[in-house]
Structure formats: structure tokens, C-alpha cells
Amino acid sequence: MPRVKIYQFYLIKTSILNYREVDGSYNVAVAVVNLFKNLVTQEKWNTAKDLINLIKTCGKLLVKELPLQTSAENMIRRMLKIVRDEYTTACHEQEELDIQESLHKIVTSEEEIDDYSKTVAELKDSILDHISEFHMELETSIENITKEAIKHIHTSEIILTIGKSAIVEAFLKEAAKHRKFEVIVCECSPLNYGHNTAISLSQSKIPTTLITDSSIFGIMGRVHKVIIGTHTVMANGGLRAVCGTHSVALAAKYYSVPVIVLAGLYKLSSQYLISHEDKFNQFISPESVLKYSEGILTSLVHVYNPTFDYVPPELVTLFISNAGGHAPSYVYRLLSEMYHQDDNDL
Amino acid sequence: MEEKSKEEILAERKQRKAAKQLKKKSSNKVVNESHVKDKIKGNLEENLDKMKISQCDNDALKTSNESMSVNPDLMTHFLDNDKKFNFSSNNTSFNNETSSNISISNKECGSGIGNGINTFMESVSDNIKTKSQLKSERRAKQEAQRALKTQKKLDEKNVEQFETSKIKVNKLKTKFTHKIPKTVDVHKVLLFSHLYRNSSIEENNILTNINTEIHKAVLKLGVQYKNKVIIGSNARVVALLNTLKQVIADYRTPTEKDFSRGFEKVLGDVMTYLNNCRPVSVSMTNAIKFLKWHLSQLPNNISDREAQIKLREAIDDYIKEQINMAGKAICIMVQKKISQDDVILTFGYSSLIERILIESFQVGIKFRVIIVDAAPLYEGKELLRRLVKSGLNCVYVLLSAVSYIMKEADKVLLGAHALLTNGYVMSRAGSSQIALIARSYNVPVLVCCETHKFSERVQTDAFVHNELGNPEELMKADLWKSNNNLTPLTLMYEVTPSNLVTAVVTELAILPCTSVPVVLRVKPTSSTLS
């Protein structure tokens with residue numbers, strides 16, 4: 001058990017805990033990467049094995065605190081993958097990378113299982129380089145996604161979006177520089193994230209219509225594309241997205257409107273939906289649904305205010321990530337490229 | 001004999017003419033008086049007699065104003081506290097309440113006006129009261145009423161004297177102030193531009209209509225529709241029919257016309273006025289169709305009294321059979337479909353659904369209810385209050401959470417605004433989403449709808465014919481009024497495709513949606529009515 005400078009770790013961790021909101025997944029990802037960068041530089045470790053254990057221990061602590069911020073968990077896995085990659089490259093410089101790249105190799109490889117315990121020179125530097133590189137990738141992910149905008153939006157299109165997503169806003173604003181189109185925003189009551197999106201888009205001179213959640217089906221018949229953000233992309237290509245997205249996706253399916261999901265690769269999780277109660281959904285104060293001022297009534301009824309909806313992969317047409325566009329059926333492949341199979345359980 | 005009778009007729013005509021002239025004179029005087037009254041306001045040094053009259057007028061005005069405005073307030077008050085007031089009209093208690101309210105207001109107005117009239121009458125003439133005289137008196141009363149109304153309008157514009165009549169005055173004022181900057185056209189969604197009602201024209205229409213001979217009770221009803229005090233397809237039609245009963249009772253056939261012709265015109269005026277206040281519902285259109293059919297069946301020479309009785313009976317039958325009994329039949333049918341420990345999901349507030357749930361609960365079936373609610377009206381909260389009061393076990397969520405909660409539901413019960421001939425269900429906005437999600441979770445969707453809401457219209461989308469909600473309820477006006485690129489939009493209704501609905505429960509049977517045209521054809525309208 002490696003000793004961790006617990007106090008320092010907690011100090012940074014608390015700053016991450018501030019990002020509990022739904023739209024904070026990018027910030028969480030960046031914060032986690034920074035945290036582990038510090039961990040790699042400041043903690044004492046000798047072998048890759050030590051480091052992996054260190055990261056795992058800290059990761060577990062973090063995941064326990066942020067069960068719903070999957071991007072934190074994703075980043076931990078990514079860090080582990082980076083360490084493993086750097087170790088293997090350093091050890092087998094002459095050999096091909098990544099034994100699990102093809103089934104053929106897995107079957108034919110006669111190597112003993114490497115336990116990452118060899119001491120490798122300059123491992124720390126290469127890992128830090130790799131993390132920095134990854135950090136850059138993370139920072140440019142929004143930009144990379146928004147670059148795709150004009151490939152997906154044509155002139156005088158009507159686009160529907162729901163809730164508040166920084167990436168969707170950036171995407172639409174980028175497209176608006178080149179094309180003229182309209183946006184319909186669902187308000188997403190009770191928290192009304194949509195209001196902020198609508199105001200922000202309209203300030204960028206995009207003709208915006210804010211609609212109630214109840215008008216979604218009615219208006220969907222005239223919508224050309226649904227472009228939404230998501231909180232997490234599940235391992236099967238499904239979404240964990242803001243409440244109400246399932247309705248939107250179903251209505252879109254009914255009218256055969258394509259649903260495009262914008263998600264940086266850091267949102268890709270290896271989780272599956274088991275049940276809403278199991279590390280999937282979050283229930284926040286029902287005050288915004290039924291006011292406490294209703295008095296006695298509030299004590300007599302059950303009121304739910306869930307944060308997330310699960311959207312099955314068959315309702316999603318396309319993912320656009322910083323690595324380009326993918327069908328939901330391709331997500332499993334991205335997963336295996338991004339995370340090491342040994343890290344599925346932290 | 002014939003010649004004699006002709007002579008008689010001639011004499012009668014002369015008499016009438018004389019009466020008319022008299023009436024004209026008197027009405028002119030009333031108008032003059034009212035004008036004078038305005039002057040008095042500024043000029044205190046006028047002679048006492050006129051002062052008295054003007055005061056009388058003022059009193060009458062105030063009472064009428066108060067009764068017009070306070071009652072809706074009262075209603076909302078009732079609504080808030082969940083007291084006796086029901087906006088489900090199935091309950092007769094509500095009917096009585098509104099009608100009593102209305103009658104109270106009439107009495108108040110009547111007495112006020114009566115005072116004015118009496119003094120006026122005394123000062124003007126001490127003639128012997130013949131029949132024609134009585135008639136002219138009545139006419140004079142009406143004229144006086146009209147004069148009062150015009151005055152009221154003027155007063156509203158002029159001074160903020162009548163702050164008691166908050167609803168009306170405020171509404172008018174905000175509209176007027178908004179009219180001046182011409183930003184109205186900007187905040188319209190192109191797809192729905194045909195649904196926006198030109199507020200200034202609409203307002204003017206209502207104003208001009210106040211001048212014409214529209215019954216007080218109808219005016220009040222219009223305001224209640226407009227302010228969404230009376231909502232729901234059933235509530236609206238029952239309120240309309242009850243109001244019409246009053247209109248019928250107070251209706252006198254003009255001398256040259258027969259009852260049915262004359263009243264049909266009145267009915268037309270009433271409906272245009274109400275349509276201006278809020279687009280009429282399918283149930284209302286059907287009820288009016290029914291009433292018109294009855295009117296056409298009346299013999300030409302029928303006396304006012306008889307006609308009134310007949311129509312009143314017809315209306316009572318309609319409310320009883322088409323709404324109350326039909327509701328009962330549906331209740332019995334749905335009860336069989338609710339089994340022990342079921343979880344029933346419902347959306348918004350339908351008076352029929354409320355009745356079904358409460359009656360099923362009282363029969364002894366144990367079940368839970370999930371109430372889903374959504375903007376713009378958040379009417380589900382009202383249903384929640386009532387069900388909880390009746391002792392049902394309830395869950396309350398908003399529309400966005402329906403995907404989460406649907407897996408718990410066993411059945412979905414939805415109310416409807418109307419069933420269209422192509423089998424589509426016209427209902428409150430959001431119903432289709434419920435149906436969609438229910439389908440994806442394999443939960444059956446039952447739509448409950450009495451056949452009086454079946455319509456011969458066809459519609460396949462929510463765009464062609466719909467109603468728009470108040471955008472300011474969606475977002476605060478200061479956030480978007482100045483921003484030309486941002487437009488809030490609320491749809492009131494939508495049509496649910498028939499393939500999303502498992503079955504429709506009507507008083508006749510449980511049917512697939514597509515059977516609507518059959519029901520419309522089979523439905524015994526004209527045959528049993530006669």
C-alpha cells in the first residue's frame with residue numbers, strides 16, 4: 001500500500017467536488033488529469049506497478065466521492081492506460097505495441113504476463129509527457145468537435161436541442177458563423193437548463209425558440225436534426241443524459257429525425273446500465289417540482305426529481321467525438337482502444 | 001272579419017311606432033345623462049338633481065364592475081385553496097356555484113341599474129303603463145345597460161378609478177402599452193405564425209362586443225375562459241351550457257322574428273365573442289351544434305316561454321346524458337381494467353380521469369397513482385390535491401422524469417380534448433410523449449373520452465390547428481422581449497397518432513382509435529334527439 005500525501009490529495013479533491021453539477025464533466029476530467037499529474041510528479045514510486053497501485057488507490061477514493069461523475073473514473077482508467085502504454089513501449093521498444101490489438105496476436109502471443117515490476121529508466125518523464133499530451137488533447141476536444149459543425153448543419157435547417165451543454169452551444173455557434181439555421185431548445189423543467197442555452201444562443205444571433213417539454217412531440221415533425229450533449233456515453237453506446245432526453249430521442253425516432261450526440265472521448269465510460277438506482281441516476285431536491293409551500297401535501301405524496309435519463313443506443317444515430325464520427329455500435333471498439341482491459345475494475 | 005283584423009294590425013303598428021319613438025327618446029336621454037355625468041365629475045357646481053342621478057349611475061357601475069371582476073378572483077381563490085370550487089364540471093356542485101355567482105352578479109347589477117332607471121323614469125314620465133310602455137321600459141333598461149357599459153369602457157381608459165376590476169383593466173393596459181413599440185411581429189415562430197392571434201384586433205373585438213347585446217353571464221364566462229379560470233374540455237362545455245340556459249331565460253324574441261331565428265343570431269354572437277376570448281373547444285362546438293339542431297326543430301309559432309322550457313330541458317338532458325352518464329359508464333368500464341395493486345400513470349388533469357380514479361378507489365380497489373405534470377398549466381397539481389384528499393396513494397413527477405418513472409407503471413390513463421375522425425387523439429400537449437414512452441416500456445395506454453368529444457375534423461399534426469400558450473409564463477418577459485432572436489413558444493394541444501394508443505374507452509365500448517368514424521356514424525344524434 002503506497003503512502004499518499006493524503007492531506008494534499010484531499011485538498012485537490014475537494015476542488016473537484018465542486019463540480020457536482022451535470023454540465024461539469026469536462027471540468028472534472030481536466031481536474032482529475034491535473035491531480036494525477038501532480039501525483040506522478042510528487043509521490044515516491046519506483047516501478048510502474050507501484051504507480052498503478054497508487055493511481056488505483058487514489059482513484060478508488062475519488063470514485064467513492066464522485067460516484068456519478070463518470071468522467072473522473074474514465075480519466076483514472078485513462079491514466080492507468082498511459083502508464084501501462086509507456087511501460088510496454090519502454091520495455092519492448094523493438095516489438096509491436098498492444099498485444100490485444102487483434103485476436104490473432106492474443107492467441108499466438110506466448111509471452112508471460114507482465115506484472116509491470118521492472119525498473120525502467122526515465123519512465124517518469126515519458127509518462128508525464130504522455131499525460132501532458134493527453135491534457136492537450138482534452139483541451140482541444142471541444143474545438144475538434146466544433147470543427148465538424150459545418151459538416152453536419154446545412155442552410156435553413158431546424159435543429160432541436162435539450163438542456164444545457166457547453167459543447168452543443170459551441171458547436172451551434174461555430175456553425176452559425178457559416179450557415180443560417182434555426183434552433184429549438186427544450187427548457188428541461190424543473191431546473192430549466194434550456195433557458196440559459198436559449199439565451200446564450202440567441203445572443204450569438206441564432207434564431208432560437210424556447211419550448212416547453214410538453215411541446216417536444218408536437219414540434220418534432222418539423223425538426224431536421226436533433227443535436228444533444230450527454231453526460232456519459234455508456235459502454236453499449238447508450239447515453240446517460242439530462243432528464244427528458246429519452247423523450248426527445250423517442251420522438252425523433254418516431255419522426256425518423258437523426259439524433260446526433262456530441263461527446264468528447266473523456267465521456268466514454270465502461271459502465272452499462274443495470275438499474276437507475278445503481279450508480280446511474282441522481283435524485284435531487286424535489287422542491288422545484290412541488291414547492292414546500294404546498295404544505296401538508298408535500299408530506300403525503302412521493303415526488304421524484306431525477307437528474308438523468310437513459311437513452312438506449314438504438315435511438316442514437318451518430319456520435320461526434322474529438323476523434324470524428326462514430327456509430328453507437330462502434331463504441332465498444334473505442335473503449336478497448338482507450339482503456340486497458342485489466343482496468344475495467346479499479 | 002279580415003278587414004277588421006287588418007285595421008287592428010294597423011293600429012298595433014302605430015302603437016308600436018309610437019313606443020319605439022318613445023324608447024328612442026328615452027335612450028337618447030340616458031346617453032345624454034351619462035355624458036353629462038362625465039362633465040359633472042370635473043365640475044362640482046352642477047344642480048343637485050343631476051348629481052343624484054349620476055351618483056346612482058356610478059353606484060350601479062361600481063357594483064357591476066365589482067361583480068364582474070371579483071368573482072373570477074374568488075374563483076381563483078377557491079381554486080388555490082381547493083375549497084368547494086371544482087373546475088371539473090362533472091360535479092354539479094361547481095355548476096351551482098358558478099351559476100349562483102353569476103346570478104348574484106346579475107342581481108347586483110340589476111338592482112344598481114334599477115335604481116338608476118327608477119329615478120330616471122320618475123323624472124321623465126308619469127304616463128299610464130300600457131303593454132307597449134312596459135316594452136319600451138324594458139328596452140330603455142337595456143339601452144341604459146349599454147350606456148353603462150360604454151361608460152365603463154370610457155372610464156377604464158380615462159382614470160384608474162376602478163382598481164377593483166384588476167383583471168380586466170390590467171390586461172387591457174398591458175396590451176395597450178405593448179402595442180406601441182412594434183416588436184410584436186418579431187417574437188413569432190414562423191411555423192406557427194398562423195396561430196398567433198393579433199392581440200390588438202382581438203382586444204378591440206372584445207371591446208366592441210361589450211357594446212353589443214351580449215348577455216352579462218356570457219361576458220363573464222368569456223373572461224373566465226380567457227384567464228383560464230375554467231379549463232378542461234368538460235368544464236368548459238358545462239359552463240357554456242349553464243350560461244346559455246341563463247341567456248335563454250333572459251331572451252325575448254324581437255317582435256318581427258321567430259324564436260329560433262332570433263336566438264340563433266344571439267348564439268352566433270355569443271360564440272364569436274367566446275371564440276375571441278379563447279378558441280372554442282371541440283366539446284363546445286358539438287354542444288352548440290346540438291343546440292342549433294334543437295333550435296331548428298322548434299315550431300315557428302312557438303311562444304318564448306315554451307321554447308325556453310324546451311331548450312332548457314334539452315340542455316339539461318345533454319349535460320346529464322352526454323357528460324354525466326357517459327362519465328359514469330366510462331368509470332364502470334375502466335374499473336374493470338384496474339386490478340388490485342396496480343400502478344396507474346396519468347398526465348395532467350382530466351375531470352374524467354379524476355372521477356374514474358376516485359370512484360375505483362371507493363369501490364375498494366387498491367392502487368397507486370403516478371401523476372405526471374407539465375407546463376404550461378401544471379394542472380396535475382390540482383389532480384394531486386384532490387386525489388390525496390380522497391385518500392389515494394400518489395406519486396408526482398414532471399414530464400421530463402416520465403422515462404424514469406414509467407417502468408413502475410402498469411397502465412396509462414389519459415384524458416382527451418377530442419377524438420378526430422382519422423383516429424388521432426387531440427389532447428393536452430405532452431400526451432404523445434407519455435404514449436411514446438409507455439410504448440417503449442410496453443405499458444398499455446388507455447384514452448378515456450366521452451363520445452360528445454368526438455369530432456368530424458381530421459388532423460395529422462400539431463401545427464395546423466392548435467392554440468398557443470402565454471410565452472411570458474415560459475420565460476420572464478424581460479429576458480426575451482428585447483432580444484429579437486429569442487422566442488418562447490408553448491403549445492396547448494397536440495395530436496397523438498392512433499398507433500400509440502392501445503384503446504379508447506368511451507361510454508359505448510372500449511374501442512381502437514380507428515373506430516371513431518364508425519362511432520360518429522352510428523352515434524344516435526338526430527334520431528334520438530327528435
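First the proteins, then the strands, lettered A, B, ... as listed; each starts at 1. Quick caveat, the model's predicted, so the values are computed rather than measured.
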In terms of heavy-atom proximity below 4.5 Å to chain A, should [X] be classed as side chain, backbone, both, or neither?
X	answer
B:Arg439	side chain
B:Leu190	neither
B:Thr490	both
B:Ala374	side chain
B:Leu489	both
B:Ile370	neither
B:Tyr493	neither

Legend entry - Side-chain (B:Gln433) to main-chain (A:Gly244) donor-acceptor, under 3.5 angstrom: no
Legend entry - Backbone N/O of A:Cys188 and side chain of B:Ser400: donor-acceptor pair under 3.5 Å: no
Legend entry - Pairs of heavy atoms under 4.5 Å with chain A: top-ranked of B:Asn393, B:Val388, B:Val402: B:Val388
Inset, instruction - Report the option among B:Leu387, B:Leu474, B:Thr496, B:Ile405 that has the most heavy-atom pairs separated by less than 4.5 Å from atoms of chain A. - result: B:Leu474
Inset, instruction - For each of A:Lys253, A:Met220, A:Glu294, A:Gln203, tally heavy-atom pairs with chain B at distances under 4.5 Å, and name the one with the top tally. - result: A:Glu294
Legend entry - Heavy-atom side-chain contact between B:Met475 and A:Ile199 under 4.5 Å: yes
Please look at [X] and chain B and tell me whether the side chain, the backbone, both or neither of the residue comes under 4.5 angstrom of a heavy atom of that chain.
X	answer
A:His195	both
A:Leu250	both
A:Ile158	side chain
A:Phe283	side chain

